[in-house]
2 protein chains.
Amino acid sequence: MNASPRRKELTRLAAQLFVQEGFDRTTVRMLAQEMGIKSGSLFHHFKDKQEILAAVIEEGTQNALMIARKALDQCAADPEARLRAMARAHLETLFTDRNAHVVALFEWRRLDPTASAHLSHLRDAYEALWVAVIDDALEAGLIHGDRFLVSRFVLGALNWTVRWYDPSGPRSPDELADELVAMIMPNAV
Amino acid sequence: MNASPRRKELTRLAAQLFVQEGFDRTTVRMLAQEMGIKSGSLFHHFKDKQEILAAVIEEGTQNALMIARKALDQCAADPEARLRAMARAHLETLFTDRNAHVVALFEWRRLDPTASAHLSHLRDAYEALWVAVIDDALEAGLIHGDRFLVSRFVLGALNWTVRWYDPSGPRSPDELADELVAMIMPNAV
DNA sequence: GTCTATAGATGGATAGAC
DNA sequence: GTCTATCCATCTATAGAC
């Protein structure tokens, strides 16, 4: 839709608040203050609060998709390397880029049905990327199990890091990703 | 605290609504209606909405702890069997017993600091159970990695099932748990 | 594009009768 | 222990001036 630089910046600030407080507890007054305007002015940029959430989630999922594609493009065809690259990319969008992807994952249910339907193809595209990479690893015999189950377990393990991992701690997001891959692929290096 | 049968029943109903709607979107009027009383009467049983959440989360964590302990008591000392038992117990409290444990996991951040501090020992006891079981599997050489990382990855994979798994589908929670254990322990049966 | 002002709705919680 | 009635805070969203 509308993707003015101004709106992009406002979306970025909204994402930050949504992660800190959760969507429901974030008021339009809080959003406006963070953006340096009054709450009434906010509705010049967004139709309503729902549209802000939709913008954040679209941004976050789009971003995750782009980062993952770039990561896959830059690495070899080796299934293990590709799996590692996906895990790293996922954590990068959660902790380095920050916020918007976290909102997409944890506040998806707060989208109204229309917005959810409109954005689901983005989420599906991202998950399809994962299933393809998992598939390759399965065919190469690196891991075993059902493609969808493995994908969802791995994504669950990665997503839940938001609840406990401190990116300013001793371990980098990349190391974290590598540890997860090592856990499910014990025969590799 | 107070654990009258009446309060237990109200807590159970509250858990159901909190899972369906989320804590923030659940109003005291909705809670009262589900309980068959008027909203004013609710405050005879609970000091405020926060106390309802605390009751649900205490119930959910307590329950997870009990189920897990019982499961461990009933199985052999074999590390693989114990890990499988823990995974099964975890999914059992999420999908069979239902609701209260889901609230404990997904709405913990909504607890006020006092309640959170008061309940954290329960959550810690449950996680300690996990770390101990993971530890045994590590020492037995069944899996590899850091004890805390493995625990959190596994718990993350299990917790995230709430977002996608349909317990009324073809796969039972026990089968799901077994698939996860197989994923990280590929050399076992 | 931002402001002030406020409408209109809904939320948590209380008081006091029964 | 439940009811009715209601207070009061707060929230989303709108209207119209600048």
Side-chain angles (χ1 to χ4, degrees), chain A residues 1-58 103 107-116, chain B residues 1-59 103 106-116:
Chain A
M1 301 281 188
N2 178 4
S4 67
R6 179 81 170 124
R7 189 181 156 111
K8 267 246 177 182
E9 169 68 3
L10 297 180
T11 302
R12 202 185 59 80
L13 292 170
Q16 189 183 341
L17 270 177
F18 289 165
V19 169
Q20 277 173 31
E21 307 288 331
F23 174 70
D24 291 323
R25 292 165 98 91
T26 303
T27 70
V28 294
R29 286 176 177 79
M30 293 165 64
L31 288 164
Q33 183 167 29
E34 197 73 13
M35 298 167 179
I37 56 181
K38 299 295 179 182
S39 68
S41 310
L42 224 175
F43 295 92
H44 178 76
H45 301 277
F46 300 93
K47 187 179 122 263
D48 52 23
K49 198 185 165 189
Q50 261 292 321
E51 195 177 278
I52 307 180
L53 178 63
V56 170
I57 289 185
E58 177 169 9
V103 176
E107 306 282 5
W108 187 279
R109 290 174 52 200
R110 302 279 82 100
L111 283 174
D112 63 37
T114 312
S116 177
Chain B
M1 298 283 192
N2 179 3
S4 67
R6 180 80 170 124
R7 188 180 157 113
K8 267 247 177 181
E9 170 67 4
L10 298 180
T11 302
R12 202 185 59 79
L13 292 170
Q16 190 183 339
L17 271 178
F18 289 166
V19 168
Q20 275 173 30
E21 306 289 330
F23 174 70
D24 291 324
R25 292 166 98 92
T26 303
T27 69
V28 295
R29 285 174 178 80
M30 293 164 66
L31 288 164
Q33 183 168 28
E34 196 74 14
M35 298 168 181
I37 56 180
K38 299 295 179 182
S39 67
S41 311
L42 225 174
F43 295 93
H44 177 78
H45 301 279
F46 301 93
K47 189 177 119 264
D48 52 23
K49 198 185 165 190
Q50 260 293 319
E51 194 177 277
I52 307 180
L53 177 63
V56 171
I57 289 185
E58 177 169 7
E59 163 83 10
V103 176
F106 283 84
E107 306 283 3
W108 186 279
R109 290 175 51 199
R110 302 278 83 98
L111 283 174
D112 65 35
T114 312
S116 176

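Quick note on labels: first sequence line is chain A, next is B, and so on, each numbered from 1.
- Applying the side chain to side chain donor-acceptor pair (under 3.5 Å) criterion to A:Ser116, with sequence neighbours excluded, gives A:Trp108.
- Taking atom CG of A:Leu31 as the reference point, atom P of D:dT10 lies 17 Å away to the nearest angstrom.
- As a whole-Å value, the separation of A:Gln33 CD from D:dT12 C1' is 17 Å.
- Among pairs with a residue in residues 20-51 of chain A, those fulfilling ring-ring contact (aromatic ring centres under 6.0 Å, His included) read A:Phe18-A:Phe23, at least two apart in sequence or across chains.
- The shortest distance between the side-chain N/O atoms of B:His45 and the OP1/OP2 oxygens of D:dT2 is below 4.0 Å.
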Atom pairs under 3.5 Å: protein N/O with N/O of nucleotides 13-18 of chain C:
residue	atom	partner	partner atom	Å
C:dA13	OP2	B:Lys49	N	2.9

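- Counting heavy atoms of neighbouring residues, nucleotides and ligands inside a 6.0 Å radius, atom CD of A:Gln33 does not exceed 12 of them.
- Applying a 4.0 Å cut-off to non-hydrogen atoms, the residues of residues 11-27 of chain A that approach DNA chain D are A:Thr26, A:Thr27, listed by residue number.
- Atom NZ of A:Lys38 and atom C1' of C:dT4 are 10 Å apart (whole Å).
- If you take CG of A:Leu42 and P of D:dT14, they are 12 Å apart, rounded to a whole angstrom.
- Nucleotide D:dG1 holds its P atom 14 Å from the CE atom of B:Met35, rounded to whole Å.
- Salt-bridge annotation for B:Glu9 and B:Arg12: present, with a side-chain N of the basic residue lying under 4.0 Å from a carboxylate O of the acidic one.
- Sorted by first then second residue, the salt bridge (charged side-chain N to carboxylate O under 4.0 Å, His left out) pairs that include residues 35-47 of chain B, not counting sequence neighbours, number zero.
- Between A:His44 and C:dT2 there is no side-chain N or O to OP1 or OP2 distance below 4.0 Å.
- Residue A:Asp24 forms a salt bridge (charged side-chain N to carboxylate O under 4.0 Å, His left out) with just one option from B:Arg25, B:Arg110, B:Arg109, and that option is B:Arg25.
- The structure places OG of A:Ser39 at 5.0 Å from CZ of A:Arg29, a figure rounded to the nearest 0.5 Å.
- Rounded to whole angstrom, the span from the CZ atom of A:Phe46 across to the P atom of C:dT2 amounts to 12 Å.
- Of the side-chain N and O atoms in B:Arg6, one or more sit less than 4.0 angstrom from OP1 or OP2 of D:dT2.
- Under the rule for a salt bridge (Lys or Arg N to Asp or Glu O under 4.0 Å), the partners of A:Glu51 that lie at least two apart in sequence or sit in another chain are A:Arg7.
- Looking only at distances, no side-chain donor or acceptor of B:Glu34 sits under 3.5 Å from a matching main-chain atom of B:Leu17.
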